[in-house]
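Presented below is the structure to which this report refers.
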Amino acid sequence: MVDRPLRVAALASGRGSNLAALIAARLPVEFVLVGSDKAKAGALEIARDAGIPTVAMTPKAFPDRVAFDRALFGAVADAKPDLLVLAGYMRIIDASVVADWEGRAINIHPSLLPKYQGLHTHRRCLEAGDTEHGASVHFVTAELDGGPVVAQARISVGPTDTEETLATRLLVEEHRLLPAVVGAIAAGRLAWSGEPTFDGKPLTAPLTLADL
Ligand code: GRF
């Protein structure tokens, strides 16, 4: 039984197109905070325009990574979200800080995980000669882009594709996939019981948009 809107916080480092897609999806959620490690991130502008509280913190104002992570994730925790969405958040998070969010944080990554964790996924896909590419949404764990994958969207890779054409086509799928996953969490269908569950059963394979 879902008795109140899911409280959602997001972290983003860049333009925030995934955040914009989440907002535009008009899900039964309440956005409680958007945070960033970049004061000029487009995502913060998008949040402000949507009337969502924002917070920006600058890593170099902190003595080390864990101090920054504790401060930013502390601000997120103060907003009391049910779910934290990393929507284009480009920093590696200290393991001790991530541990507090087990089962409550998801990330969208532009590859068919476990392939191509980390950066430059489109280039690596092309260099490998893959005929398929895609995006993955996973629960966040201390391992970079290594948490349990809950949903994936796929695109074909053509002979004339470049990093740019792949990124552009994949973003369209990302903008469908992330809202669908957050919607499933808001509806209580996708959840965490030490592992991802869907409709009460352990998730044995990533969901697709057709499942959501
Ligand atoms: C997206 O490809 C996302 O998968 C990755 O960062 C890129 C930019 O995201 N994590 P956005 O446009 O800032 O949402």
Side-chain angles (χ1 to χ4, degrees), residues 8-27 29 31 33-50 52 54-57 59 69 72-73 76 83-93 98 101 105-126 130 132-157 161-183 206-209 212:
V8 176
L11 289 176
S13 302
R15 72 197 148 188
S17 74
N18 274 292
L19 174 67
L22 266 185
I23 295 167
R26 309 189 67 72
L27 297 169
V29 305
F31 291 99
L33 185 72
V34 172
S36 184
D37 56 315
K38 303 269 189 239
K40 294 196 177 351
L44 294 176
E45 191 69 32
I46 289 168
R48 282 192 287 270
D49 290 350
I52 302 169
T54 61
V55 64
M57 294 189 185
D69 288 349
L72 183 59
F73 283 75
V76 173
L83 177 69
L84 170 58
V85 180
L86 304 185
Y89 183 65
M90 303 309 277
R91 282 178 61 84
I92 293 173
I93 308 156
V98 171
W101 294 87
I106 59 173
N107 179 48
I108 185 159
H109 180 75
S111 80
L112 290 174
L113 292 172
K115 276 186 157 184
Y116 315 135
Q117 295 171 328
L119 298 174
H120 311 302
T121 61
H122 313 307
R123 182 192 314 163
R124 292 156 69 189
C125 164
L126 289 168
D130 293 350
E132 230 185 10
H133 190 32
S136 304
V137 177
H138 64 92
F139 276 102
V140 175
T141 61
E143 185 190 354
L144 176 67
D145 302 326
V149 176
V150 294
Q152 290 186 320
R154 293 168 182 268
I155 61 171
S156 61
V157 180
D161 265 315
T162 63
E163 282 187 66
E164 291 72 27
T165 60
L166 282 184
T168 302
R169 280 217 319 280
L170 191 56
L171 266 181
V172 173
E173 296 307 316
E174 293 181 47
H175 295 167
R176 292 188 181 124
L177 192 67
L178 187 59
V181 169
V182 174
L207 299 163
T208 67
L209 280 167
L212 293 164

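Values in this document were obtained by computation on a predicted structure and should not be read as measured data. Note that the numbering runs from 1 along the sequence shown for the chain. Counting starts at 1 for both ligands and their atoms, following the listed order.
Near I108, meaning under 4.0 Å from any of its heavy atoms, are these atoms of ligand 1: 4 (O), 10 (N). Under a 4.0 Å criterion applied to the non-hydrogen atoms of S17, ligand 1 contributes the atoms 11 (P), 12 (O), 13 (O), 14 (O).
Of the inter-residue distances, the one linking L166 atom CG with T121 atom OG1 reads 8.5 Å to the nearest 0.5 angstrom. How far CG of L212 is from CG of L177: 7.0 Å, rounded to the nearest 0.5 Å.
Considering backbone and side-chain atoms alike, H109 places every N or O at 3.5 Å or more from each N or O of ligand 1. For ligand 1, the polar-atom distance check finds no N/O of Y89 at less than 3.5 Å from any of the ligand's N/O atoms.
Looking at atom 7 (C) of ligand 1, its nearest protein heavy atom turns out to be R15 NH2, 4.2 Å. Considering only non-hydrogen protein atoms, atom 1 (C) of ligand 1 sits nearest to E174 OE1, 3.2 Å. In this structure, atom 14 (O) of ligand 1 lies nearest to the protein heavy atom N18 N, 2.7 Å. Annotation: atom 6 (O) of ligand 1 to nearest protein heavy atom, G88 CA, 3.7 Å.
In plain terms, the two heavy atoms of L170 and A135 that are nearest each other are CD1-N, 3.6 Å.
Taking the ring centroids of H122 and H133, they lie under the 6.0 Å cut-off.
Heavy-atom separations between G16 and ligand 1 include at least one value shorter than 4.0 Å.
Between D161 and R169 there is a side-chain heavy-atom pair separated by less than 4.5 Å. Here the side chains of T162 and T165 are in contact, with some heavy-atom distance below 4.5 Å. No side-chain heavy atom of L72 sits less than 4.5 Å from a side-chain heavy atom of R91.
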